[in-house]
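Letters A, B, ... are given to chains in the order of the sequence lines, protein chains preceding strands, and every chain is numbered from 1.
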2 protein chains.
Amino acid sequence: MILEEIQKSHRHLTASEVYDLVRERLPNISLGTVYRNLEVLSDLGLIRRLDLGDTKRRYDFTTEKHYHIRCVKCGRVEDIDIENLDSLCPKGDGDRGWRIIDHNLEVLGICPECNHNANSNKQNKEETHV
Amino acid sequence: MILEEIQKSHRHLTASEVYDLVRERLPNISLGTVYRNLEVLSDLGLIRRLDLGDTKRRYDFTTEKHYHIRCVKCGRVEDIDIENLDSLCPKGDGDRGWRIIDHNLEVLGICPECNHNANSNKQNKEETHV
DNA sequence: ATAATAATGATTACGATTATCATTTTAATT
DNA sequence: AATTAAAATGATAATCGTAATCATTATTAT
């Protein structure tokens with residue numbers, strides 16, 4: 001059910017978001033069980049752990065390599081269409097004896113909603129100053 | 001002194017590493033003061049906050065845009081020489097109404113030391129199996 | 001010298017994640 | 001079916017990095 005909810009949501013859920021969704025179907029499930037199974041599912045490659053620059057880990061229904069954009073205001077994460085960068089990253093034991101495993105690219109920005117809120121706040125502020 | 005230690009170290013220090021270094025000169029400084037001043041220094045652009053994929057934030061003596069490689073075993077972070085990716089990332093309000101601010105690229109790997117340890121462990125294990 | 005402002009140290013609070021552990025569930029074996 | 005072993009679960013506590021609080025001290029301006 002944890003897997004189903006993640007795949008159904010088509011979003012990049014945090015553990016507690018998954019917890020809330022699954023609890024609608026399994027009201028007694030504990031947060032620990034959610035964490036444990038998120039771990040299992042990502043180890044199995046059925047979902048993908050996203051350790052991006054913010055504090056909470058997210059889980060991606062898509063397991064293929066791709067990149068993300070994160071809103072620095074509200075934390076929302078979405079996919080972003082940027083070409084695969086494998087060719088730019090050193091391979092194998094390329095870089096000063098490091099064995100390269102993977103890479104992550106995260107774009108930071110402000111999402112349309114937060115942008116809109118910022119603009120209306122600005123306008124309100126100007127109005128009150130008239 | 002916090003700034004000095006970060007610049008002197010030429011590493012990518014965590015808050016508690018900075019704390020330990022600074023405490024050698026100011027034994028009574030508190031961790032809170034370190035955190036507060038790390039915040040101030042990065043707001044001033046004198047150091048750069050690194051919010052990479054691991055749990056602890058790091059602070060970079062270099063403020064120019066560049067990328068990092070992190071060891072998934074020991075957490076060590078070093079600079080990595082990859083060309084600037086600004087041209088790949090959408091600009092301004094480019095992507096579905098998002099206002100783009102920045103981007104981070106983090107390469108993951110195993111550092112030479114951890115590689116070496118893994119190899120000697122492997123060797124030990126094989127020897128015990130003889 | 002005095003008052004206002006800011007910074008500090010000490011401590012607590014917080015939020016995400018992990019660990020523990022007794023209990024329950026599942027699977028395997030008789 | 002009954003019995004046993006193994007695994008998963010819920011409840012809870014522990015951990016760890018960071019942020020917030022607050023009384024005290026230091027700095028600055030008047």
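- B:Asp51 has its side chain out of reach of A:Asp54: every pair of non-hydrogen atoms, C-beta onward, lies at least 4.5 Å apart.
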For nucleotides 5-20 of chain D, read 5' to 3', which letter fits each nucleotide if B means a protein heavy atom sits under 4.0 Å from the base, S means only the sugar-phosphate is that close, and - means neither?
----BBS-----SBS-
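- Other residues, nucleotides and ligands contribute only 12 or fewer heavy atoms inside 6.0 Å of the NZ atom of A:Lys73.
- Residues satisfying the ring pair (Phe, Tyr, Trp, His ring centres under 6.0 Å) criterion with A:Tyr67, sequence neighbours excluded, are A:His103.
- Applying the salt bridge (Lys or Arg N to Asp or Glu O under 4.0 Å) test to B:Asp86 and every residue at least two apart in sequence or in another chain returns nothing.
- The nearest whole Å value for the distance from the OH atom in A:Tyr19 to the P atom in C:dG15 is 16 Å.
- Remark: A:Glu39 does not engage A:Arg36 in a salt bridge, criterion side-chain N to carboxylate O under 4.0 Å.
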